[in-house]
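A short write-up of the structure that comes next.
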Number of protein chains: 2
Amino acid sequence: MTEHLPDEDTIFELLQALHKGISPKFERCAGITPTRFRLLQELFRVSEISQISLQKTLDIDAAAVTRHLRGLEDSGMIARRNNPADNRVTLVSLTDHGRDHINSYREEKTRFISELLTGFNEQERTVLAEMLTRLQYNINLL
Amino acid sequence: MTEHLPDEDTIFELLQALHKGISPKFERCAGITPTRFRLLQELFRVSEISQISLQKTLDIDAAAVTRHLRGLEDSGMIARRNNPADNRVTLVSLTDHGRDHINSYREEKTRFISELLTGFNEQERTVLAEMLTRLQYNINLL
DNA sequence: TTTTATTAGTTGACGGGTCAACGATTCCGG
DNA sequence: CCGGAATCGTTGACCCGTCAACTAATAAAA
């Protein structure tokens, strides 16, 4: 007995190892960092948005937003302008160039995710999503 | 129809969000970084080991090992000595002080993980571990 | 209205990870 | 035996995230 104990620890280690693998592989496949992709995707969805809204939506630090946007601006993907109605906020939007690129990023991301979920049927995906949601819930209680 | 599509993307985002939550919460609960805990745990297991073996076992960068060990050495948890049989390698081991501490870390970690898995019965844990393993496998193919 | 508090964004410093370059040691083939 | 190839560890530079301190602008209160 105690043949193959699934071990609570195993799940924790699997989650750690999984994270270690996912981000770099995503970047290698999609050609963009997961976080930057999320930024672009949100900009695509809403067309124009303040940095603070971006930050809250994506749940990342304000400093990180500032620096990612600087990078994306330097590469011509996004543009920023002051909000004339409130000079504290800067409004961010995709440039045409950015809009061009995000579509190919989305394709690569779709391809990546379908590779990631290879072998998972519809029901398994549902179960997995539900379990991950419960884990997230538990973590938020700590 | 398309009532609540579990969405491939959802799983990806859940994994990302999960990671964002786990490490800081672990550290807050256990009082030590996940990586440093893994280092100590491995040292506890084998008593004395070279840095390169540590690195391979834990699958982290050599530079990270060097720096973590410096930190752990400064806090008196570990000791290092040269391998007299091969002056390239440095052997790392727990100090008594480190051995004292790791037990309380282990308790905190156990508590943390059991909170994390609250509401998961034995069978669900098995299913979850198996699914995470499959994800890991898929990632390694990319 | 003037003062105070709040909000948005930037910056600096830090910890964690990676990779690339380097010195020291050991191994091995000519 | 000796010189080139591996191996081990360290360091520096970079990216990504956090927090804390700061400025500028607006909102709220006295």
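Within every chain, numbering begins at 1; the chains are lettered A, B, ... in the order of the sequence lines, protein sequences first and strands thereafter.
- Using a 4.0 Å heavy-atom distance criterion, A/T66 is classed as a base contact.
- Contact annotation for B/D61: base contact, defined as any heavy-atom pair under 4.0 Å involving a base atom.
- Listed pair B/N87 / C/dT26 meets the phosphate criterion, a side-chain N or O lying under 4.0 Å from OP1 or OP2.
- In this structure, B/I60 atom CD1 and C/dC19 atom C1' are separated by 15 Å, rounded to whole Å.
- Scanning DNA chain D 5' to 3' for nucleotides with an atom closer than 4.0 angstrom to a non-hydrogen atom of chain B gives a first and last hit of D/dT7 to D/dT18.
- Distance alone, capped at 3.5 Å, is enough to place a donor-acceptor pair between the B/T95 side chain and the B/M77 backbone.
- When each of B/R67 and B/S53 is assigned the nucleotide of DNA chain D with its nearest heavy atom, B/S53 is the one assigned upstream, toward the 5' end.
- Remark: A/N103 CG is packed, more than 12 non-hydrogen atoms of other residues, nucleotides or ligands lying under 6.0 Å away.
- Atom CG of B/L54 sits about 6.5 Å away from atom CD of B/E42, to the nearest 0.5 Å.
- The CD atom of B/E27 sits 7 Å away from the P atom of C/dG16 (whole-angstrom rounding).
- One atom, CG of B/N82, and another, C1' of C/dT25, lie 11 Å apart when rounded to the nearest Å.
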Protein-nucleotides 4-7 of chain C N/O pairs under 3.5 Å:
| unit_1 | atom_1 | unit_2 | atom_2 | d |
| --- | --- | --- | --- | --- |
| C/dT7 | O2 | A/R88 | NH1 | 3.4 |

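- Between the CD atom of A/Q51 and the C1' atom of C/dA8 there is a distance of 8 Å, rounded to whole Å.
- The stretch residues 33-50 of chain A touches DNA chain D through A/T33, A/T35, A/R36, each having a heavy atom under 4.0 angstrom from the strand.
- With B/T118 contributing its side chain and B/S114 its backbone, the two residues share a donor-acceptor pair below 3.5 Å.
- Counting only distance, with no hydrogens or angles, the side chain of A/R28 and the backbone of B/L142 share a donor-acceptor pair below 3.5 Å.
- Using a cut-off of 4.0 Å between Lys/Arg side-chain N and Asp/Glu carboxylate O, B/E48 and B/R81 are scored as salt-bridged.
- Listed for the A/R36 side chain is no donor-acceptor partner under 3.5 Å among the backbone atoms of A/G71.
- In terms of position on DNA chain C, the residue among B/A63 and A/R80 whose nearest nucleotide sits closer to the 5' end is A/R80.
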